Number of protein chains: 2
Amino acid sequence: MVTKSPRPAGAPAGAAPTAGQALAVEWLTEDQQRAWRAYLDGTARFVSALDRAHDAGIPVTLGEYHLLVQLSEQPDRTLRMSALADGLALSRSRLTHTVDRMERRGLVERRPVPGDRRGVNCVMTDEGWKLLQQAAPAHVAAVRRLLVDVLDPEEFAVLGRAMAKVAREAKAAVDG
Amino acid sequence: MVTKSPRPAGAPAGAAPTAGQALAVEWLTEDQQRAWRAYLDGTARFVSALDRAHDAGIPVTLGEYHLLVQLSEQPDRTLRMSALADGLALSRSRLTHTVDRMERRGLVERRPVPGDRRGVNCVMTDEGWKLLQQAAPAHVAAVRRLLVDVLDPEEFAVLGRAMAKVAREAKAAVDG
DNA sequence: GGGTGATGGTTGATTTTTCAACTAAACGCC
DNA sequence: GGCGTTTAGTTGAAAAATCAACCATCACCC
């Protein structure tokens, strides 16, 4: 197995790292490789299956759905753009565009933030709320069918804990 | 906790499902909810952190990198478009466009498939190979730093197994 | 109270992705 | 051997995401 054609991230035959680095790269073991690939592949396929479910009958995009969910959890179904962007791990620009579209559809509204004249609040409209309600059952069913019910409970729990750690780390890497 | 404002996928107060369904939707428990959120959030942040790493110093996009990796594992660094699309969970159209771009950059080449005049093979060029080599160390380092080394080994192993199951299920859902 | 830098958000151009329509070759089958 | 169907891949237009500037307000602090 060692002499396969140089694998994904397997030790490349020639080329040394560009510069500076002391070549202290540790490649992944076979097992790690497998797990990493499984994660990658599984996530890609899961997301696209879920997307497909949203196309077929759920009246909002997966992304829009998540945005509505975030808002739905706020006391007044209201969240500042920046908080929303952070919560959803979206760029500010992307959020601006997304909210533009959703606003046009009447799902959310922009309102000024009381204390800060720079700020903009994003508020879910009744329309948006209704749509969320409508979308929720099929969405949850899909998540169950494609993820939750596929795993046994402990597995799923571990997955959750693991990804929570990953989230923390990634967050640190980005803004740290 | 039950009487929070209707949660993400928590039991909505009003609206019944659109039609037909016998309302047999099972909502997620608190724990499941947490795990699902963690997965979603963790994945989003992980991917964007990895993307960012690719921007900063790695000379190919994450997507392009994965494509090159797939090719690198084939005997002749060659794979049919359809196989590549399946392997990467990409739409055919998206693959066509992506390969267009990469071909312009000289990273891959299109060649006819010997036995089947409909088919198109995608072959990694030496250029592409060199680039992959160059990119690999930093890529692997990032994956380690952001994922592999963040988890303890058993956790990571479980993650791998779990997502492999998920991948199978999603695949079944899509083409089954 | 007037700079200076950070924060919040938007804009518009560029690049990617998606979507639906389309061509061409292969397959099956009678 | 001819006809419908499926498979492979491309195309181009429309939608969405990214990127780099940009404007305004705020916060600090001297």
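Proteins come first, then strands; the chains are lettered A, B, ... in the order of their sequence lines, and each starts at number 1. In this text, all values refer to a predicted model and were calculated from it rather than measured experimentally.
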Could you check how far CZ of B:R101 sits from C1' of D:dT18, rounded to whole Å? 13 Å
Integer-rounded Å distance: D:dA16 P and A:D100 CG: 12 Å
Between A:D51 and A:H97, which residue's closest nucleotide on DNA chain C lies nearer the 5′ terminus? A:H97
Taking CZ in A:R111 as the centre, count heavy atoms belonging to other residues, nucleotides or ligands within less than 6.0 Å. Is the count above 12? no
Heavy-atom donor-acceptor pair, B:S93 side-chain to D:dT11 base, under 3.5 Å: yes
Short question: side chain of A:S93, backbone of A:S91 - any donor-acceptor pair under 3.5 Å? no
Distance test, side-chain N/O of A:R92 to OP1/OP2 of C:dG9, below 4.0 Å: no
Less than 4.0 angstrom between a side-chain N/O of B:R118 and OP1 or OP2 of D:dT6, yes or no? no
Tell me: CD of B:E103 to P of D:dT10, nearest whole Å? 9 Å
Between C:dT16 (P) and B:L95 (CG): distance, integer Å: 15 Å
So for atom CZ, which belongs to B:R52, do other residues, nucleotides or ligands contribute more than 12 heavy atoms lying within a distance under 6.0 Å? no
Starting at CG of B:D116 and ending at P of D:dG9, how long is that distance when rounded to a whole Å? 8 Å
Please tell me if B:R80 has a side-chain N or O lying less than 4.0 Å from either OP1 or OP2 of D:dG9. yes
In whole angstroms, the gap separating P of D:dA16 from CG of A:L62 amounts to 14 Å
Value in whole Å for how far the P atom of D:dG9 lies from CG of B:L88: 14 Å
Quick one: is A:R94 getting a side-chain N or O under 4.0 Å of the D:dT18 phosphate, OP1 or OP2? yes
Testing A:R105, A:H54, A:R101 one by one against A:E64 for a side chain to side chain donor-acceptor pair (under 3.5 Å), which residue passes? A:R105
Does D:dA24 have OP1 or OP2 sitting under 4.0 Å from an N or O in the side chain of A:R117? no
Return the value, rounded to whole Å, for the distance between atom CD of B:E64 and atom C1' of C:dT16. 11 Å
If you find the nucleotide of DNA chain D closest to B:D55 and the one closest to A:T61, which residue's nucleotide is nearer the 5' end? A:T61
Identify the two heavy atoms, one from B:N121 and one from B:P112, that lie closest to each other, and give their separation to 0.1 Å. ND2-O, 4.1 Å
Between D:dG9 and B:S82, is there an OP1 or OP2 to side-chain N/O distance shorter than 4.0 Å? yes
